[in-house]
Structure formats: structure tokens, C-alpha cells
There are 2 protein chains.
Amino acid sequence: MLDLLKPTVVRKRALRQGRDTREEILNAAEDLLQRRGYNAFSYQHIAVQLDIRNAAIHYHFPSKEDLGVALVQRYRQRFRDWTDEIAAKANAWGRLNAYFQTYVEYAEAQCKICPGGVLGSEFEAIPEEMRHEARLLMREIFEWLVETLELGRAQGSLTFLGDSRHKAVEIGAALQGGLQIARMAGPERFHQVLQQLALELCHSGADSLP
Amino acid sequence: MLDLLKPTVVRKRALRQGRDTREEILNAAEDLLQRRGYNAFSYQHIAVQLDIRNAAIHYHFPSKEDLGVALVQRYRQRFRDWTDEIAAKANAWGRLNAYFQTYVEYAEAQCKICPGGVLGSEFEAIPEEMRHEARLLMREIFEWLVETLELGRAQGSLTFLGDSRHKAVEIGAALQGGLQIARMAGPERFHQVLQQLALELCHSGADSLP
DNA sequence: GTCTATATCCGGATAGAC
DNA sequence: GTCTATCCGGATATAGAC
């Protein structure tokens with residue numbers, strides 16, 4: 001057949017048939033972002049990982065800023081989808097616990113940190129449009145946390161001292177910082193943070209937290 | 001005099017007489033580190049700020065790794081000195097509050113983040129010896145926090161739920177994450193974290209926290 | 001859509017004059 | 001101890017063939 005007549009170049013094409021390169025780039029970049037940070041990963045890292053050339057990435061994302069912005073927008077969309085989904089399934093404590101679980105995966109998967117941690121740390125060293133998206137992401141997470149805490153307090157499934165907005169930032173900050181500390185001091189540190197958070201929300205933390 | 005006979009070159013030298021260039025480099029680098037992160041600052045940034053040439057920095061710190069390691073070692077030394085000093089002056093709550101205060105300065109000075117936040121975020125993208133120093137720094141801070149919490153509990157000046165080690169990581173993580181969140185969402189976020197922490201240590205937080 | 005080849009720039013680093 | 005000049009490698013980005 002025609003395919004057999006054509007050598008390596010076509011084989012490579014065939015390999016990429018049906019594969020969504022753009023999506024794979026985003027996946028690889030997301031992984032790199034949460035491992036190395038924005039300024040410490042390059043198009044080369046992605047190219048090697050996907051076995052494509054540098055220029056192929058530039059076709060999908062002309063500049064690195066485009067890629068960075070797309071990443072944060074994807075985080076935001078994913079968070080929206082996730083909150084919609086979880087709202088149907090669980091009460092406030094269940095939701096919060098499910099949220100914690102995403103961080104557990106970051107910590108255990110292997111020492112990833114969360115988007116907020118990366119963007120916050122490098123905030124002064126990322127393009128303006130990424131900063132804009134980062135602000136939106138943080139606001140959306142914050143608002144969801146506040147709502148969830150207030151709901152939990154009303155339901156009686158969560159108990160905590162003080163203003164729910166203050167508690168929300170504290171929780172968000174502790175999770176974010178906890179992942180970073182875990183990298184340096186070992187993953188058990190992150191579990192200690194989780195246990196303390198659970199304890200202060202009046203849950204034993206022994207049931208669902210590993 | 002002899003000085004007047006010699007032109008610009010000597011004037012520059014004269015300007016630097018009595019100035020500790022090595023120390024100034026460290027100061028500038030520390031500032032850049034907490035603003036932009038390790039991988040996003042260059043010798044050029046420092047050179048411009050101090051009005052010296054690139055090569056002058058390499059004289060004091062042959063490689064960027066040397067500079068990075070020196071920075072973390074200085075953080076460690078400073079922390080040791082600080083804890084010695086504060087131990088003579090205050091009870092457990094006073095010590096902890098003084099520790100909080102250093103973070104308040106980071107947040108207010110202008111949107112700096114803490115050493116642990118930088119090193120944790122970029123952990124996979126910094127030289128091995130820096131990682132080593134970072135681990136030591138984090139351990140030292142952690143141990144001091146645990147001691148302080150236990151002392152406070154014994155004294156009755158601090159009250160909190162659960163294991164003092166867990167509480168120590170939670171506090172450290174919340175401070176670290178809080179600074180990063182404050183960059184993206186505004187400085188009031190950091191104060192909310194502080195108030196919540198104080199509240200959960202059974203202090204009004206209204207007295208000494210701005 | 002992906003490749004090869006190349007342009008451009010920047011950061012870390014060294015040599016040698018002063 | 002600091003300078004000027006320069007090297008080298010790596011990173012972003014573009015041009016044009018396939």
C-alpha cells in the first residue's frame with residue numbers, strides 16, 4: 001500500500017495520527033510546571049518527553065506565554081467542572097475532603113506542588129496575562145472554600161472558630177505551603193498538616209485521611 | 001593629593017572603599033531571590049543594582065550555586081542568632097508572635113515571599129547543595145516551632161488542639177502559603193491567615209497583630 | 001502539522017589587563 | 001578586587017521545505 005512506500009517521516013506521522021498533540025503538550029507542560037516551575041522548564045523538556053521537535057510546540061503555542069496562559073485557564077476550567085461534579089455527590093465535609101484528596105495526589109504522585117504555589121512563588125517573574133489568570137484562579141478557589149465552610153457550619157458537618165473567610169485562607173495557605181514543605185522535609189509533613197486541619201474542623205481525620 | 005590625579009577608575013574604587021561588596025551582593029541577591037525566585041534572577045540583575053560588573057560578582061561567588069548556597073547558609077545563621085536573641089526576651093507566645101512579625105515584614109515590605117517558599121517551589125530546579133541546605137533550614141525552623149509550642153502549652157500561654165508537631169507544620173505551612181497567596185490576592189489575605197492562627201492559639205490577635 | 005535549519009538573545013562563566 | 005572582552009551553551013522564536 002501507499003503507506004509502505006513511505007519511510008520514517010510517514011511512520012512518525014502515523015504514530016501521531018489520532019493523538020491530540022496540543023493536549024499532550026499541555027499535559028507535559030502541566031507536569032513540568034508543578035515540578036520545576038514556569039521559568040525552569042523549556043520547550044525542549046516537552047519536546048523530548050513527547051518525541052517531537054521544538055517547532056511543533058511553537059505551532060500550537062506560538063510563545064511560552066501562550067502556553068502558560070492556556071495552562072492556567074485549563075486549571076480554572078477543570079476546577080469549575082470539579083466543583084460542579086462534587087456538589088452533586090457530597091455534603092460540605094465530603095467536598096472539603098475530596099478537595100484535600102487532590103493535594104494528597106500531588107504529594108504522593110511524586111512531590112508535585114499545586115498551581116497556586118507555583119504561580120504565587122514566581123508571581124513577579126511570569127507574564128502579566130498569566131498573573132491575571134492566576135488572580136482569577138485564586139479568587140475562584142477562595143470563594144468555593146468560603147461557601148463550603150459556611151455550608152458545613154450551617155449543616156453542622158464542619159465546626160471551626162472564627163470568620164469563614166479567614167478559615168478559608170488559612171486552609172488554602174496550609175495546603176499550599178504544606179506541599180512545598182513536604183518536598184523538603186518528607187511527605188509525612190503534608191499528612192501532619194492534613195490531620196491538623198481535620199482536627200480543627202472537628203473531624204478525627206482517621207477515617208478518610210491516609 | 002594623589003587621589004585627585006587619578007580619574008574615573010579610581011573614583012569608582014574610592015566609592016567602593018569601605019564597602020563590603022560581598023555583603024552587598026548577598027543582600028541584593030536575597031532580595032531578588034524572595035521576589036523572583038532562584039531561576040529568575042541573574043548576575044546581571046545584581047550587577048545593575050550595585051553598579052558593578054558581572055565579573056566582580058564571579059570573583060566573590062565563582063558560580064551561581066555558590067551564591068545560592070551562601071544565601072541559604074546565611075538564612076540559617078540568622079535564624080539561629082534570632083532564636084537565641086528572642087529566647088532571652090519573651091515567653092512562648094511572645095516568641096511566636098515575633099516570628100509572625102518577620103512574615104508581616106515580608107508581606108508588607110513589598111510582596112516578598114519567605115525562603116522556605118522559594119526553596120520549596122523550586123526544589124527540583126535548584127542545585128543539590130542548595131537542596132541540602134534547604135532541608136537543614138526547614139528542619140531547624142520546624143524544631144524551633146515545636147519547642148516553642150510545647151513550651152507555650154506548658155506555660156499556658158498557648159492553647160491548641162492535638163500534637164504539637166502537627167500544629168507546628170500547620171503554622172509553618174500557613175505562613176508560607178499565606179505570603180504567596182497574598183501576592184496574588186492582596187495583602188489582607190495574609191492578615192486573615194495571621195488572625196486565624198492567633199485565634200486557634202487562643203489569642204484575640206487584636207492586640208499585637210496589625 | 002511537523003520537520004530541519006537557523007536567527008537572536010541571554011545567562012553563566014573565564015582570561016587577562018589594570 | 002574590579003574591569004573589559006569574549007566564549008559557550010541553552011532558550012525562545014521564525015522561515016521554509018515536506
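Chain A is the first sequence line, chain B the second, and so forth, proteins listed ahead of strands; every chain is numbered from 1.
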Think His60(A) has a side-chain N or O under 4.0 angstrom from the OP1 or OP2 of dT2(C)?
yes

Would Glu30(B) and Lys112(B) count as a salt bridge (Lys or Arg N to Asp or Glu O under 4.0 Å) here? Give the steps.
CA-CA 10 Å; Glu30(B) 180 178 309; Lys112(B) 279 197 208 175; 5.1 Å; no

In terms of side-chain heavy atoms, does Arg80(B) have a donor or acceptor partner in Gln77(B) at a distance below 3.5 Å?
yes

Look at Lys167(B) together with Glu200(A) and state whether they make a salt bridge at an N to O cut-off of under 4.0 Å.
yes

What are the residues of residues 122-133 of chain B, sorted by number, that bring a heavy atom to within less than 4.0 Å of DNA chain C?
none

Distance check needed: dC10(C) C1' versus Ile57(B) CD1, whole Å only.
15 Å

Of Ile86(B), Thr83(B), Leu175(B), Thr148(B), which meets side-chain contact (heavy atoms from CB on, under 4.5 Å) against Tyr99(B)?
Leu175(B)

Could you state the CZ-P distance from Arg53(B) to dA15(C), rounded to the nearest angstrom?
21 Å

Stepwise, does the salt bridge (Lys or Arg N to Asp or Glu O under 4.0 Å) test hold for Glu23(A) with Arg74(A)?
CA-CA 11 Å; Glu23(A) 204 68 13; Arg74(A) 195 169 74 148; 3.3 Å; yes

OH of Tyr59(A) versus P of dA15(D): gap in Å, rounded?
16 Å

Judged by modelled atom types alone, do Gln192(A) and Gln196(A) share a side-chain donor-acceptor pair under 3.5 Å?
no

Near DNA chain C, counting only heavy atoms under 4.0 Å, which residues of residues 31-49 of chain B show up?
Phe41(B), Ser42(B), Tyr43(B)

